[in-house]
Amino acid sequence: MWKLLLVLCVCAAPLSAAYKILVVSPVPGKSHTILGDGFVRNLLNAGHEVTYITAFPVENPPARLHQVNVSDNIKYFPVDLVNIKKLIDDKGEQPSLSVFFGIIEQQARNTVSNENVQRLMRDPKQNFDAVIVEWFFSEVFTGFGSVFGCPMILFSSVEPHWMVLQWIDGLPNPAYTVDIQSTGTAPLGFLARAKELFNQVAGLLFKSLYFEAIENKIYEENFRPAAEARGRTLTPLNVQRYNISLMLGNSHVSLGEATRLPQSYKPIGGYHIDPDLKPLSKELKNIIESSKDGVIYFSMGSNLKSKDWPVEIKQDLLKMFSGLKQTVLWKFEEDLPNLPKNVHILKWAPQPTILAHPNTKLFITHGGLLSTTETIHFGVPIIGIPAFADQFVNVDRAVGKGFAKRVDLSYDIAQELKGAIEELLTNPSYTERVKELSLIYHDRPAPPARELVHWVEHVVKTRGAPHLRSPALLVPWYQKVYLDLAVVVFSVLAAIYIGLKRLCCSKKGEKTSAKQKKN
Ligand SMILES: *[C@@H]1O[C@H](CO)[C@@H](O)[C@H](O)[C@H]1NC(C)=O
Ligand SMILES: *[C@@H]1O[C@H](CO)[C@@H](O)[C@H](O)[C@H]1NC(C)=O
């Protein structure tokens with residue numbers, strides 16, 4: 001009997017270490033979902049049980065994965081902002097702040113008011129050891145941590161910047177830590193430094209005077225009743241947004257800057273890349289391996305739809321590609337007529353596997369963060385054609401690091417692309433540089449996916465990792481800049497000055513009155 005018990009105990013041991021984790025990644029964009037899927041895959045592989053709030057649930061999910069379907073969010077995907085023809089005609093003009101934050105607001109409200117999400121929150125059987133939420137220009141989703149009464153892990157999808165660092169440490173110095181939309185690198189010139197300060201102050205004012213009230217309303221209307229249904233009191237948003245155990249960042253020093261970071265920030269850039277590469281189809285493998293001058297891989301990601309490309313540009317590109325010695329793999333969702341011999345259209349492409357192939361010499365990309373990360377992971381130089389969002393910053397950063405050239409969307413793109421391709425294929429410095437960065441990227445104590453699992457488990461084991469919290473969170477800003485001390489010093493100096501002045505006046509007065517007496 002005791003032997004049976006022992007066997008049972010041993011079998012149960014790994015199960016007891018499994019945690020229940022809620023992953024909240026409801027942004028209805030493919031790249032955000034790839035990042036969310038990366039969390040889910042790695043946590044499942046480590047034996048944990050994951051509940052996943054996602055806009056792209058899969059059929060027949062693996063065991064231990066419970067999906068909460070918020071595919072309804074897709075209706076708030078800004079299709080207009082990723083129409084390539086419109087982007088060319090608007091010459092890279094970005095949406096206004098109010099349009100952008102309007103989208104953030106709709107996505108946030110639609111997620112937390114979604115009936116599947118409300119059902120999850122109100123189900124008393126649902127409990128979690130930790131909640132991981134993606135920060136996407138709002139902290140509304142930190143409410144999940146308060147509703148379930150468990151530690152909060154915030155996930156930041158880009159390099160660290162002031163908008164996220166303020167919740168776990170404090171505002172970084174804008175003189176050398178630039179804004180999320182800025183491509184400046186230290187040392188900044190006078191005007192650039194002034195602009196960074198202005199951006200930070202303007203952003204803070206926008207948030208506190210306008211957006212915070214909207215966030216608060218969404219938070220209170222959707223989380224408070226759910227928390228009360230569970231018999232809990234909701235922590236106010238203004239407290240909860242600072243109650244973050246850990247921030248996991250899709251960043252790495254090889255991809256960005258050596259930014260000063262608090263202990264509660266862990267960079268795990270590259271964790272989304274599955275080390276088990278999907279195999280190439282036989283046909284694709286053949287094409288790549290028989291290209292003796294190498295392969296150029298061209299993909300503008302999944303958001304820019306091929307049907308929106310102006311016809312003349314498609315034709316110019318095909319003509320230009322036909323003059324190259326290399327094979328061009330073009331990820332495009334439609335068949336193109338009169339395809340040159342060296343151009344192959346792929347409706348779906350196993351991007352990491354293609355980039356990993358030694359025959360791939362060059363990647364022409366929109367410069368999304370996932371693509372630039374994969375570029376460094378596999379060491380392939382790029383031509384960046386930024387179209388929207390953070391792509392401009394990513395491409396400019398890659399150019400600054402020396403492994404990329406930038407080409408802008410325009411009706412002359414084929415001509416410009418031709419020059420850039422020639423430069424990248426003949427000047428070896430781009431490839432050398434990307435290989436150097438790739439070495440830095442891979443030379444870590446542990447692969448990023450293992451770090452992800454380690455830190456999530458660490459937060460659960462240590463009940464919210466309070467030891468990682470930055471002491472800066474306890475200090476109000478005026479104390480950080482010693483404004484209170486300045487007031488004290490100034491008051492003392494002023495008091496001394498006034499005192500001395502009085503003393504000396506009254507002495508003078510005595511003297512004059514003495515003089516007057518004499519006279
Ligand atoms: C998610 O919800 C949508 C809309 O209700 C539905 O069409 C889709 O099949 C659902 N997906 C899964 C995997 O259940
Ligand atoms: C902050 O989060 C921890 C869990 O990490 C929780 O125990 C604590 O009650 C929270 N604090 C507030 C004020 O809600």
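All ligand and atom numbering here is 1-based and tracks the order in the structure.
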Got a donor-acceptor contact below 3.5 angstrom from the S264 side chain to the L246 backbone?
no

Chain-and-number sorted residues having a heavy-atom contact under 4.0 Å with ligand 1 are P57, V58, E59, N69, S71

Cation over ring, K266 on W455, under 6.0 Å and within 45°?
yes

Indicate the ring-plane relationship of H377 and H442, choosing parallel, tilted or perpendicular according to the 30° and 60° boundaries.
perpendicular

Ignoring hydrogens and angles, state whether a donor on the side chain of T54 or N69 is under 3.5 Å from an acceptor on the partner side chain.
no

With no hydrogens and no angle check, is any side-chain donor or acceptor of R463 less than 3.5 Å from a backbone partner on V460?
no

Heteroatom distance test (N243, ligand 2): nitrogen or oxygen, under 3.5 angstrom
yes

Tell me which pairs pass side chain to side chain donor-acceptor pair (under 3.5 Å) where either residue lies in residues 25-47, with sequence neighbours left out.
H32-E134, D37-Y52

